[in-house]
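Contents: one structure, followed by commentary.
The figures here come from the full heavy-atom set of this structure, side chains too, leaving out hydrogens, waters and symmetry mates. Here is how names work: the chains are called A, B, and so on, in the same order as the sequence lines, proteins then strands, and each is numbered from 1.
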Protein chains: 2
Amino acid sequence: MGRWEPNARERLAEAALGLYGERGYEQTTVAEIAKRAGLTERTFFRHYADKREVLFAGSRDLQELFVRAVADAPENAAPIDALALGLHAVCAVFADRRPFARARHAVITANAELRERELIKLASLSAALADTLRLRGVAEPAASLAAEAGVSVFKVGFERWIAAAEDRDLAQLVREALTELRAVAAGS
Amino acid sequence: MGRWEPNARERLAEAALGLYGERGYEQTTVAEIAKRAGLTERTFFRHYADKREVLFAGSRDLQELFVRAVADAPENAAPIDALALGLHAVCAVFADRRPFARARHAVITANAELRERELIKLASLSAALADTLRLRGVAEPAASLAAEAGVSVFKVGFERWIAAAEDRDLAQLVREALTELRAVAAGS
DNA sequence: GGGTCGATGACAGTCACTGACATCGAGAGT
DNA sequence: ACTCTCGATGTCAGTGACTGTCATCGACCC
């Protein structure tokens with residue numbers, strides 16, 4: 001492994017989230033993050049492409065999980081139902097990480113650069129979901145619109161979960177958001 | 001006015017778009033932009049907050065135009081119809097600037113940082129539209145969903161306009177995208 | 001002709017990020 | 001045990017985005 005302690009990558013991510021939360025993103029230097037992790041600034045940039053990316057390391061896995069669940073949905077499932085299966089899979093990952101999700105969300109919403117990065121991650125997720133739906137035979141622009149709707153549903157449910165009382169279940173809040181979307185689409 | 005020639009801000013924007021198109025965004029330094037505009041690097045940052053913002057100077061005016069058109073829609077107009085009026089107003093602005101829009105769009109899509117910035121501008125637009133709809137009495141989450149849908153419609157129409165033949169009309173392509181959205185929402 | 005004020009220039013400084021090269025540590029092979 | 005290899009880390013110099021500060025210029029006012 002590395003030259004000293006193991007899990008350098010994880011230590012850097014923890015140090016970064018901690019410092020961003022304590023002092024704010026802009027007031028934290030990469031050198032400080034590396035120091036708290038017992039590493040050097042140069043090593044930080046070997047693990048993360050830039051100062052923002054350290055907060056989004058898990059987004060690739062999450063996207064793959066979401067996409068796979070949609071791809072593995074029953075062939076005859078409607079687009080919105082396939083997306084619901086993906087949403088369920090993603091919710092399961094977050095279930096026991098609420099404190100982490102809360103801290104991370106607070107840091108991101110407090111800084112414009114980090115919000116930018118989150119938006120492009122969500123756009124990437126949306127594009128991947130649209131691709132997957134197209135492979136299931138969904139035509140454009142229905143595939144893209146359904147994918148964006150699915151992402152919006154997750155955003156709404158996730159934010160309510162972050163703000164909600166301890167005992168609320170993310171999966172349930174996301175299901176409720178999905179129900180609201182169905183109502184809006186069916187209504188007016 | 002300024003120390004030398006007038007319109008320093010516009011000259012900087014022109015120089016930036018030109019250099020970004022010729023060499024690419026990353027290969028262009030702010031010092032080069034300033035030099036082409038006959039100014040210094042420091043003055044660039046007095047006019048634009050950062051190297052990306054020079055491509056998004058007009059987005060604030062565009063957002064205000066869009067929002068005002070929606071706010072001024074007849075009281076009894078449905079959310080989607082109010083948004084259609086806003087879309088129409090925005091299209092009019094672009095009508096005679098197709099070469100500029102094309103060049104700008106090519107530069108932005110070629111660079112991840114610039115795509116990030118565009119996404120946050122669109123998110124800001126969506127939030128402002130949602131606020132406006134709420135003032136018109138539209139409840140959540142219908143207001144946010146309608147606003148995001150309106151922005152998606154513009155994106156689709158705009159991209160087809162950029163890629164289309166010279167004689168296609170932006171307003172018409174946006175109307176077509178809106179029609180497709182209505183069909184998808186009403187369908188499945 | 002002098003004074004005021006906003007816009008610009010000049011300059012030093014911080015920090016994100018990169019390339020090049022040296023070095024360490026662990027495991028493989030002997 | 002000894003050496004070799006190789007990936008991960010350290011070190012250092014450098015570029016460029018961005019900022020704070022102060023001097024200076026040019027237009028307008030009186």
Side-chain angles (χ1 to χ4, degrees), chain A residues 1-57 107-108 110-118 120-121, chain B residues 1-57 107-108 110-118 120-121:
Chain A
M1 280 289 182
R3 192 122 84 179
W4 301 96
E5 306 299 320
N7 305 327
R9 192 179 169 86
E10 286 71 20
R11 270 156 46 215
L12 285 166
E14 267 182 53
L17 180 59
L19 286 167
Y20 292 169
E22 293 166 20
R23 320 184 173 178
Y25 170 80
E26 287 177 358
Q27 283 66 45
T28 302
T29 69
V30 175
E32 289 167 344
I33 297 168
K35 188 176 182 184
R36 177 174 289 200
L39 296 164
T40 65
E41 187 179 358
R42 190 66 184 86
T43 297
F44 176 94
F45 288 110
R46 288 199 177 95
H47 286 280
Y48 299 102
D50 58 52
K51 193 182 167 187
R52 290 169 245 163
E53 199 64 16
V54 67
L55 289 178
F56 298 89
V107 167
I108 290 173
N111 181 271
E113 288 183 42
L114 293 173
R115 287 198 301 273
E116 281 188 353
R117 181 57 53 89
E118 179 161 60
I120 208 168
K121 295 293 182 185
Chain B
M1 282 283 183
R3 192 123 84 180
W4 301 98
E5 307 298 320
N7 305 326
R9 191 178 169 84
E10 286 71 20
R11 272 156 45 214
L12 285 167
E14 268 182 52
L17 180 59
L19 286 168
Y20 292 170
E22 292 166 20
R23 321 182 170 176
Y25 170 79
E26 288 178 358
Q27 283 67 45
T28 303
T29 69
V30 174
E32 289 167 344
I33 297 168
K35 188 176 181 182
R36 178 175 288 199
L39 295 164
T40 64
E41 187 179 358
R42 190 66 185 89
T43 297
F44 176 94
F45 288 110
R46 287 201 178 94
H47 286 279
Y48 299 102
D50 60 51
K51 192 183 166 187
R52 289 165 232 134
E53 199 64 17
V54 66
L55 290 178
F56 298 89
V107 166
I108 290 173
N111 181 270
E113 288 183 43
L114 293 173
R115 286 197 302 271
E116 281 188 351
R117 180 58 53 89
E118 180 162 60
I120 209 169
K121 295 293 183 186

Q: Using atom CG of N7(A) as one end and atom C1' of dG7(D) as the other, report the distance to the nearest whole Å.
A: 16 Å
Q) Taking atom types as they are modelled, is there a donor-acceptor pair under 3.5 Å from the base of dG7(D) to the side chain of R46(A)? A) no
Q. Quick one: is T43(A) getting a side-chain N or O under 4.0 Å of the dT9(D) phosphate, OP1 or OP2?
A. no
Q: Keeping the roles fixed (side chain from N111(B), backbone from L114(B)), state whether a donor-acceptor pair exists under 3.5 Å.
A: yes
Q | Pairing residues for R117(A) by the salt bridge (Lys or Arg N to Asp or Glu O under 4.0 Å) criterion, not counting sequence neighbours | A | D50(A), E53(A), E116(B)
(Q) For A57(B), give me all partners under side chain to side chain contact (heavy atoms under 4.5 Å, CB included), at least two apart in sequence or on another chain. (A) R9(B), Y48(B)
**Q.** Distance test, side-chain N/O of H47(A) to OP1/OP2 of dA8(D), below 4.0 Å
**A.** no
Q. Considering only dT9(D), dG20(D), dG19(C), which nucleotide approaches the side chain of R42(A) most closely?
A. dG19(C)
Q | Distance in Å, L12(B) CG paired with L17(B) CG, rounded so as to fall on 0.5 Å steps | A | 12.5 Å
Q) To the nearest angstrom, how far is Y48(B) atom OH from dT8(C) atom P? A) 11 Å
N/O donor to acceptor pairs below 3.5 angstrom from side-chain atoms of residues 19-31 of chain A, sequence neighbours left out:
{"from": "Y20(A)", "atom 1": "OH", "to": "K51(A)", "atom 2": "O", "distance (Å)": "2.8"}
{"from": "E22(A)", "atom 1": "OE1", "to": "R36(A)", "atom 2": "NH2", "distance (Å)": "3.1"}
{"from": "E22(A)", "atom 1": "OE2", "to": "R36(A)", "atom 2": "NH1", "distance (Å)": "3.2"}
{"from": "R23(A)", "atom 1": "NH1", "to": "E32(A)", "atom 2": "OE1", "distance (Å)": "2.8"}
{"from": "R23(A)", "atom 1": "NH1", "to": "E32(A)", "atom 2": "OE2", "distance (Å)": "2.8"}
{"from": "T28(A)", "atom 1": "OG1", "to": "L19(A)", "atom 2": "O", "distance (Å)": "3.4"}
{"from": "T28(A)", "atom 1": "OG1", "to": "G24(A)", "atom 2": "O", "distance (Å)": "2.8"}
{"from": "T29(A)", "atom 1": "OG1", "to": "E32(A)", "atom 2": "N", "distance (Å)": "3.2"}

Short N/O separations, protein against nucleotides 15-17 of chain C, under 3.5 angstrom:
{"from": "dA16(C)", "atom 1": "OP1", "to": "T28(A)", "atom 2": "O", "distance (Å)": "3.4"}
{"from": "dA16(C)", "atom 1": "OP1", "to": "K51(A)", "atom 2": "NZ", "distance (Å)": "3.4"}
{"from": "dA16(C)", "atom 1": "OP2", "to": "V30(A)", "atom 2": "N", "distance (Å)": "3.4"}
{"from": "dC17(C)", "atom 1": "OP2", "to": "K51(A)", "atom 2": "N", "distance (Å)": "2.6"}

Q: To the nearest 0.5 Å, tell me how far R52(A) CZ sits from E118(A) CD.
A: 13.0 Å
Q. Can you check the Q27(A) CD to dT19(D) P distance for me, whole Å?
A. 13 Å
